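First up is the structure itself, then whatever we jot down about it.
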Amino acid sequence: MLQINFLRDNKQEVIEKLKVKNFDASSIIDEVITLDDNRKSIQQESDELLSRANSIAKEIGVLFKEGKGTETNDLKEESAQIKEKTKSLQSTLSDTEHQIWEKLVQIPNIPHFLVPNGKSDADNETIKEVGEIPQLPDNKKPHWDLCSQYKLIDFELGNKITGAGFPVYTNKGAKLQRSLISYFLDKNIDDGYEEFQPPYMVNEDSAFGTGQLPDKEGQMYHVTADNLYLIPTAEVPVTNFFRDEIINKADFPIKCTAYTPCFRREAGSYGKDVRGLNRLHQFDKVEIVQVQHPKDSYETLDVMVNHVSSILEELELPYRILRLCGGDLSFTASLTYDFEVYSAGQDRWLEVSSVSNFESYQSNRLKLRYKDENGKTQLCHTLNGSALALPRIFAALVENNQTDNGIKIPKALQEYTSFDIIE
RNA sequence: GGAGAGAUGGCAGAGUGGUCGAAUGCGGUGGUCUUGAAAACCACUGUACCGCAAGGUACCGGGGGUUCGAAUCCCUCUCUCUCCGCCA
């Protein structure tokens with residue numbers, strides 16, 4: 001959520017920048033400012049009346065103390081009138097505040113100046129491509145075939161017990177999965193992140209804080225009996241650790257990592273995109289989250305990008321980094337780098353990480369602040385990224401490393417798997 | 001699931017109708033003292049909104065009510081804790 005005063009002071013700039021996200025903000029900003037002007041004058045009027053009411057109450061108190069209780073009737077009468085008036089003012093005020101809120105949550109975050117124009121993922125900008133695309137023999141297979149051949153994943157069993165998009169990992173598939181989780185967490189911890197195991201369900205306030213509500217309500221599984229949401233990513237619980245907090249400046253940057261399963265309804269997905277591990281309702285992910293001082297957040301974003309790169313290089317996976325265009329950038333992000341690995345069995349690039357700076361957009365919702373040099377509270381910046389999402393890494397590893405004799409495990413993982421080939 | 005207790009500032013913990021945005025302690029910041037540190041002492045130390053400022057307003061879990069006046073009384077919701085039962 002953007003701050004009203006920011007919108008007031010930078011109206012034209014905001015309108016221009018939001019065009020990159022294909023969002024026309026011209027009228028909504030005016031509406032917000034008008035409503036806010038309204039709010040101010042209502043509040044001013046109400047505050048004056050309340051101030052008078054407060055002093056009346058004090059006067060009456062003094063009169064009673066002096067034994068002049070009979071002289072209070074006029075004051076009581078005035079107070080009753082004030083109460084009448086403030087009651088309606090207060091209700092108009094809260095209506096107005098609600099209207100402002102409803103407008104504000106519709107305005108997306110402002111894109112960073114590096115974000116390219118564009119309508120869809122076709123317009124994303126490739127900024128780096130690393131590694132050789134493996135040349136596999138003609139009898140190469142996609143991971144779903146390999147997973148069934150080597151008994152790594154039982155998709156049918158998942159269908160039976162839950163439904164499509166809920167795979168059952170078996171045997172060395174399960175071990176590989178567990179190894180990847182440990183490996184990713186260790187890499188993140190080595191880079192200075194603190195490990196957490198958060199809850200897998202969050203309340204409404206948390207889902208709002210990171211921007212899942214109200215924008216993406218239908219994407220989450222909702223446990224209605226208890227009004228809790230299954231997390232779509234660890235970003236939600238972990239970033240919400242800091243909701244309603246004022247951070248000590250010396251604690252910047254705050255670096256958290258967490259492994260969690262992620263639950264997504266993925267309503268509307270279909271076709272070859274969802275085959276095998278490509279798109280699941282439940283999947284595993286190791287997330288990194290940082291809370292940073294605004295002046296350092298973009299430097300931090302680059303550091304996070306380099307960190308994710310180093311993991312992919314160690315796993316010997318060919319990857320590319322994309323800078324998302326305005327049309328593909330999420331509602332809440334200012335700048336996002338997507339990582340895609342090349343999965344040679346299906347000859348496709350698969351997104352395995354998305355690293356974003358949200359600037360103060362989440363912080364404003366979260367009320368996540370720090371005190372500046374002058375002792376004034378300011379909003380922090382939040383960032384997060386996947387390091388990394390498991391299923392597509394799994395798919396790419398299996399596809400790229402297939403040989404006639406089995407699937408080879410990259411060196412970096414062998415100490416975790418305790419095997420170097422799946423036969 | 002049954003019974004009970006509670007929710008106050010960064011934390012602990014007073015406050016049961018008026019001068020309470022809230023005692024006190026701890027913590028934190030600044031200062032005095034000291035070669036330095038500790039100790040001691042002094043001062044400051046919640047958030048948000050309006051206002052150039054002075055200042056004003058709101059907030060003692062959320063919402064509503066009683067009253068001239070509510071942290072304090074009433075209703076309601078939510079959450080937490082303790083005991084019992086069940087259970088990983």
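This structure is a prediction, so every number in the text was calculated from the model and none was measured. Quick note: numbers below take in every heavy atom, side chains included, and nothing from hydrogens, waters or symmetry partners. Each chain gets a letter, A, B and so on, in the order its sequence line appears, and its residues count up from 1.
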Counting the atoms with a prime plus P, OP1 and OP2 as sugar-phosphate, which does [X] contact under 4.0 Å by heavy atoms, base, sugar-phosphate, or nothing?
X	result
K83(A)	base
T377(A)	sugar-phosphate
L75(A)	nothing

Spacing between [X] atom [atom1] and [N] atom [atom2], to the nearest angstrom:
X	N	atom1	atom2	value
N203(A)	rC77(B)	CG	P	20 Å
E84(A)	rG65(B)	CD	C1'	15 Å
E48(A)	rC49(B)	CD	P	19 Å
E97(A)	rA58(B)	CD	P	14 Å
D244(A)	rC59(B)	CG	C1'	13 Å
I60(A)	rG17(B)	CD1	P	19 Å
F64(A)	rG17(B)	CZ	P	16 Å
I246(A)	rU29(B)	CD1	P	16 Å

For the rings on [X] and [Y], is their centre-to-centre separation under 6.0 Å?
X	Y	result
Y298(A)	H381(A)	no
W144(A)	F394(A)	no
Y200(A)	F263(A)	no
Y370(A)	H293(A)	yes

Testing the basics here: between N109(A) and F358(A), what is the closest heavy-atom pair and its distance to 0.1 Å?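 Smallest interatomic distance, heavy atoms only, reads ND2-O, 3.1 Å.
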Minimal non-hydrogen separation, A396(A) against L317(A), with atom names: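 Closest heavy-atom pair between A396(A) and L317(A): CB-CD2, 4.0 Å.
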Using atom [atom1] in both nucleotides, what's the gap between [N] and [M] to the nearest angstrom?
N	M	atom1	answer
rU72(B)	rG6(B)	C1'	16 Å
rG51(B)	rA7(B)	C1'	35 Å
rU45(B)	rU34(B)	C1'	26 Å
rA22(B)	rG31(B)	C1'	27 Å
rC26(B)	rG13(B)	P	15 Å
rC50(B)	rU67(B)	C1'	28 Å
rC60(B)	rA48(B)	C1'	16 Å
rG18(B)	rA71(B)	C1'	13 Å

Does [N] have a Watson-Crick or wobble partner in any strand here, with both distances under 3.5 angstrom, and which is it?
N	value
rU16(B)	none
rG4(B)	rC81(B)
rG21(B)	none
rA37(B)	none
rC86(B)	none
rG69(B)	none
rC26(B)	rG10(B)
rG51(B)	none

[options]: which one has an atom nearest the side-chain heavy atoms of [X]?
X	options	result
L50(A)	rU57(B), rG51(B), rG46(B)	rU57(B)
D47(A)	rC50(B), rU57(B), rC68(B)	rU57(B)
R369(A)	rG18(B), rA48(B), rC50(B)	rA48(B)
A57(A)	rU47(B), rG18(B), rG51(B)	rG18(B)
Q44(A)	rG51(B), rC68(B), rG56(B)	rG51(B)

May I ask you to verify if any side-chain N or O of N54(A) is less than 4.0 angstrom from the OP1 or OP2 atom of rA58(B)?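 True: N54(A) side-chain N/O within range (under 4.0 Å) of rA58(B) OP1/OP2.
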Please tell me if R39(A) has a side-chain N or O lying less than 4.0 Å from either OP1 or OP2 of rC50(B).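 For R39(A), the contact criterion (side-chain N or O under 4.0 Å from OP1 or OP2 of rC50(B)) is met.
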5′-ward residue of the pair I56(A)/D36(A) relative to RNA chain B: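 Nearest-nucleotide comparison on RNA chain B picks D36(A).
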Which residue, S79(A) or K40(A), contacts RNA chain B at a nucleotide closer to its 5' end, judged by nearest heavy atom?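 Its nucleotide being nearer the 5' end, the pick is K40(A).
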Taking atom CD of E125(A) as the centre, does the number of heavy atoms from other residues, nucleotides or ligands within less than 6.0 Å exceed 12?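 Yes, because the 6.0 Å sphere around CD of E125(A) holds more than 12 heavy atoms from other groups.
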E204(A), E217(A), Q219(A) screened by side-chain hydrogen bond (donor to acceptor under 3.5 Å, both in side chains) with Y229(A), the one that passes: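 Passing option: E217(A).
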